[in-house]
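Here's the structure we're looking at; comments come further down.
The analysis underlying the following values was restricted to heavy atoms, covering all of them including side chains, and did not include hydrogens, waters or symmetry mates. Proteins come first, then strands; the chains are lettered A, B, ... in the order of their sequence lines, and each starts at number 1. All figures in this text were calculated on a predicted structure; none of them were measured in a lab.
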Protein chains: 2
Amino acid sequence: MTGRTRREKVDQREGDILIAARDVFVENGYDQARMAEVARRAGIAEGTVYLYFKSKNALLFAVLARFWDDLTAGARAGVEAETPGLPRLRCLMQYHMDCLSRDIELLQMAAHVQNLLYGDPETQDHLRRYVSVFDDVFRQCQALGQLSTDFPVWMARDLFFGTMEYSARTMRVRGVEQSAMVVAHLMMVFETSYRADAGEHPQSLNGVDRLDAVSDRLEEVVRQLLRSGQH
Amino acid sequence: MTGRTRREKVDQREGDILIAARDVFVENGYDQARMAEVARRAGIAEGTVYLYFKSKNALLFAVLARFWDDLTAGARAGVEAETPGLPRLRCLMQYHMDCLSRDIELLQMAAHVQNLLYGDPETQDHLRRYVSVFDDVFRQCQALGQLSTDFPVWMARDLFFGTMEYSARTMRVRGVEQSAMVVAHLMMVFETSYRADAGEHPQSLNGVDRLDAVSDRLEEVVRQLLRSGQH
DNA sequence: AGTATTAATGAGTCAGTTTCATTATCGTCA
DNA sequence: TGACGATAATGAAACTGACTCATTAATACT
């Protein structure tokens with residue numbers, strides 16, 4: 001606390017603001033988030049926030065940038081601990097789905113913001129770096145002969161991110177946790193539609209995966225029941 | 001112009017506001033859209049808008065409701081002119097993709113709003129009706145034996161809407177028009193991953209399917225329980 | 001025409017973001 | 001150490017834009 005240089009203090013304060021802002025944004029959504037509340041939680045005056053971020057929008061961008069960066073780091077780490085090829089793909093899928101379920105509010109805001117300021121290349125960079133984790137994994141599957149090279153990567157990418165994002169959104173509306181099934185299903189789709197030896201029969205989503213998924217869902221339902229029973 | 005009843009005039013004015021609002025929202029995005037501008041374009045005073053829609057949010061809802069309804073009508077009409085089964089699926093896909101490309105701004109706002117007010121059943125109804133067009137077409141494909149019945153509809157739905165929405169968004173960022181490719185690709189995915197004659201190991205899934213159904217039923221029961229417990 | 005009911009107006013309120021003149025803190029050097 | 005310039009923080013006030021409401025206009029009804 002004592003021996004910190006001015007620069008360190010400033011960095012620390014910027015971090016405090018970002019953390020406070022993230023909380024406030026997630027709790028209230030962008031529109032309902034109050035700059036005054038962000039300042040209060042960061043323990044500074046309202047005007048001070050504007051020394052660090054030039055507007056509410058810029059603040060959200062900064063929060064999202066950090067979020068994407070964390071996501072990228074986590075994904076790279078998780079993926080590299082797996083054997084190359086399809087297992088890595090499944091691992092990334094699982095990771096992405098988990099993050100989506102956990103932080104869907106932030107991601108919705110990202111889409112909202114994307115709408116506002118797409119075109120600014122700087123703002124999209126963090127997202128692009130995250131997306132490239134998938135690109136790498138997918139290309140490696142192709143290189144290993146596990147997936148067909150007949151399709152451009154962007155198609156698989158749209159399928160991958162699009163399906164999961166939409167699932168996460170509807171899951172939330174329906175109030176059910178079914179990420180395991182989503183992952184199993186999407187993995188099946190990748191394996192059947194993009195399989196390298198296209199002459200063979202597609203393999204169906206296997207029984208164990210689905211049993212897994214069903215039990216996850218049941219567990220979730222029961223857990224909700226228990227939780228609500230305590231009030 | 002002369003012989004109109006009061007009711008007709010009011011309806012007309014409501015329509016004017018909705019059209020003006022839609023334009024303003026699409027041109028500026030939700031945050032940058034000004035109620036004053038909507039009023040100006042509709043040729044009325046600012047306060048008058050609030051006689052028809054109780055808030056800016058309500059106005060956006062109304063715009064989206066009309067949008068979904070138009071979409072639904074168009075989709076039903078287009079689909080019914082096709083031969084049942086996969087051709088209808090392809091037709092709906094094409095239709096949805098075209099609408100997405102054209103009106104992606106509105107759809108982004110829909111996601112934003114969904115975020116704000118999800119939970120209100122009334123607001124989601126128009127969207128739900130549109131989605132059910134897909135459900136019907138997909139179930140018919142299953143009934144005709146063109147697609148497998150191994151999978152719940154919601155999985156196919158997430159794949160369908162998720163992929164296309166994401167594609168439309170990225171297409172716009174990249175500034176390329178490739179909807180035809182997206183449709184062809186997604187259709188291929190449906191045909192290979194959901195093909196009915198996955199005759200290799202369908203029986204082994206039977207038990208899991210039934211477990212699935214049990215879980216669905218349980219889930220419903222528990223949810224009812226939770227709902228009633230809150231009153 | 002007279003009156004009641006419904007519709008429209010737009011100046012004003014209010015909540016929330018952003019600015020900026022002022023004040024405090026820090027690092028440096030005599 | 002103390003004085004000085006540079007950097008950081010403050011919070012009251014300006015600004016912006018959604019929303020209200022007392023007042024006025026239009027319409028229907030007798």
Within-4.5 Å side-chain heavy-atom neighbours: B:Leu159 and B:Tyr194: yes
Sugar-phosphate, base or nothing in reach of A:Val10, heavy atoms under 4.0 Å: sugar-phosphate
Nucleotide C:dT25, atom P - distance to CD of A:Glu8 in whole Å: 20 Å
Atom pair distance, as rounded to whole Å: CZ in B:Phe53 and P in D:dT20: 15 Å
Length of the OH-P vector between B:Tyr30 and D:dG17, whole Å: 14 Å
Pairing of A:Arg88 and A:Asp136 as salt bridge, 4.0 angstrom limit: no
A:Gly47 vs B:Tyr52, nearer the 5' end of DNA chain C by closest nucleotide: B:Tyr52
Options C:dT17, D:dT27, C:dA8, nucleotide nearest the side-chain atoms of A:Glu46: C:dT17
N or O in side chain of A:Lys56 less than 4.0 angstrom from C:dT18 OP1/OP2: no
Protein-nucleotide distance (B:Gln12, atom CD; C:dA8, atom C1'), rounded to Å: 16 Å
Sugar-phosphate, base or nothing in reach of A:Ala33, heavy atoms under 4.0 Å: sugar-phosphate
Close side-chain approach of A:Leu18 and A:Phe53, heavy atoms under 4.5 Å: yes
Protein-nucleotide distance (A:Gln32, atom CD; D:dA18, atom C1'), rounded to Å: 12 Å
Phosphate OP1/OP2 of D:dA18: any B:Lys54 side-chain N/O under 4.0 Å: no
Phosphate OP1/OP2 of C:dC20 contacted by A:Tyr50 side-chain N/O (<4.0 Å): no
For atom CZ of B:Arg7 and atom P of C:dT6, their distance in whole Å: 13 Å
Closest nucleotide among C:dG10, C:dA8, D:dA9 to the B:Arg13 side chain: C:dA8
Aromatic ring pairing B:Tyr166/A:Phe161, orientation class (parallel under 30°, perpendicular over 60°, tilted between): parallel
d(CG, B:Leu51; P, D:dA25) in whole Å: 17 Å
Between C:dC14 (C1') and A:Arg34 (CZ): distance, integer Å: 12 Å
Cationic N near anionic O, under 4.0 Å, B:Arg7 to B:Asp11: yes
